[in-house]
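Read through the structure below, which is laid out as structure tokens, and then see the notes.
Heads up: numbering here begins at 1 and tracks the sequence. None of the values given here were measured: they were computed from a predicted structure. The analysis underlying the following values was restricted to heavy atoms, covering all of them including side chains, and did not include hydrogens, waters or symmetry mates.
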Amino acid sequence: MNVYENLPVYEGENFILRGVTERDAEDLLKVYSDKKAVPFFNGDNCHGDDFHYTTIERMKEAVSFWLFSYGHGYFVRWAVVQKSSGSAVGTIELFHRDSERDYFDNCGLLRLDLRSDFERAEAIEEIISLIKNPAFDLFYCDKIATKVKPFADERKKAVIKSGFEYSEQPLVGEDGTKYYDYYVLTK
């Protein structure tokens with residue numbers, strides 16, 4: 001299956017993962033303007049974007065860029081939709097990464113952005129459980145990596161319980177910058 005031609009939807013007990021749409025912008029503004037949530041986001045190698053968006057116009061630009069990127073096969077952004085409210089409470093970005101510079105070659109890089117009230121181990125674990133196994137085949141990779149910042153205790157609990165292990169290896173960016181705090185799940 002080519003994820004850039006047919007984007008699957010995943011459903012769990014409390015959450016649905018489906019492709020981001022322009023209609024999600026208002027819900028996602030509540031995520032990306034959430035000052036408590038922004039520190040958890042992974043902006044490594046994102047050209048200085050801190051993903052703190054405070055206007056609907058900027059949020060719509062971001063969603064437009066995500067849709068453009070999906071259309072060109074750069075990365076996928078799923079909306080994390082809370083089933084009980086029908087609202088997008090976050091996003092997951094995933095893409096295949098090849099690298100001759102570091103350990104993170106043939107890797108599916110996973111970025112999870114959640115509203116701060118969903119930054120709980122149980123919610124994160126359920127969300128990751130929906131995507132972690134299909135990601136290996138969707139992104140033709142032998143490992144999945146996600147960043148967990150040192151202060152993110154709930155996220156750390158969730159990724160460890162999901163089978164990820166801390167990697168001492170840095171992810172080396174396009175400009176040679178070394179990024180740390182990655183957890184890896186191998187196939």
Polar side chain donor-acceptor pair, Asp105 to Ser99, under 3.5 angstrom: no
Flag side-chain contact, heavy atom, 4.5 Å: Val148 against Phe40: no
Within-4.5 Å side-chain heavy-atom neighbours: Tyr180 and Glu168: no
Arg101 atom CZ, neighbour heavy-atom count above 12 within 6.0 Å: yes
Centroid-centroid distance, Phe75 to Tyr70, less than 6.0 Å: no
Side-chain donor/acceptor of Asp181 to backbone N/O of Lys147, under 3.5 Å: no
Closest approach of Tyr53 to Ala62 (non-hydrogen atoms, all atoms of both residues): CE1-CB, 3.5 Å
Heavy-atom check, side chain of Leu7 versus side chain of Trp78, under 4.5 Å: yes
side-chain hydrogen bond (donor to acceptor under 3.5 Å, both in side chains) evaluation trace for Ser85 with Gln82: CA-CA 6 Å; Ser85 68; Gln82 181 187 36; 2.7 Å; yes
Worked verdict on Phe51 versus Phe41 for ring pair (Phe, Tyr, Trp, His ring centres under 6.0 Å): CA-CA 7 Å; Phe51 298 94; Phe41 301 165; 7.0 Å; no
Any Tyr32 side-chain heavy atom under 4.5 Å of Asp113 side chain: yes
Salt-bridge contact Lys83-Glu11 (side-chain N to carboxylate O under 4.0 Å): yes
4.5 Å side-chain heavy-atom contact, Leu17 and Val9: no
Salt bridge flag under 4.0 Å for residues Arg115 and Asp117: yes
Check: His52 side chain, Lys35 main-chain N or O, donor-acceptor pair, under 3.5 Å: no
Test item: side-chain donor near acceptor, Asn42 and Tyr179, under 3.5 Å: no
Pairs where residues 54-70 contributes a residue and the test salt bridge (charged side-chain N to carboxylate O under 4.0 Å, His left out) is met, not counting sequence neighbours: Asp49-Arg58, Arg58-Glu61
Expected output: side-chain Arg97 to main-chain Ala145 donor-acceptor under 3.5 Å: no
Heavy-atom side-chain contact between Glu174 and Asn45 under 4.5 Å: yes
Test item: Tyr182 and Phe104 side chains (from C-beta on) under 4.5 Å apart, heavy atoms: yes
Side chain Asp102, main chain Gln169, donor-acceptor under 3.5 Å: no
Same cluster (ILVMFWY, side-chain, under 4.5 Å), Tyr4 and Leu94: yes
Heavy-atom donor-acceptor pair, Trp66 side chain to Glu93 backbone, under 3.5 Å: no
Salt-bridge present (Arg77, Asp24; N to O < 4.0 Å): no
Val89 vs Val81 side-chain heavy atoms within contact, under 4.5 Å: no
Check: Arg120 main-chain N/O paired with Glu154 side-chain donor or acceptor under 3.5 Å: no
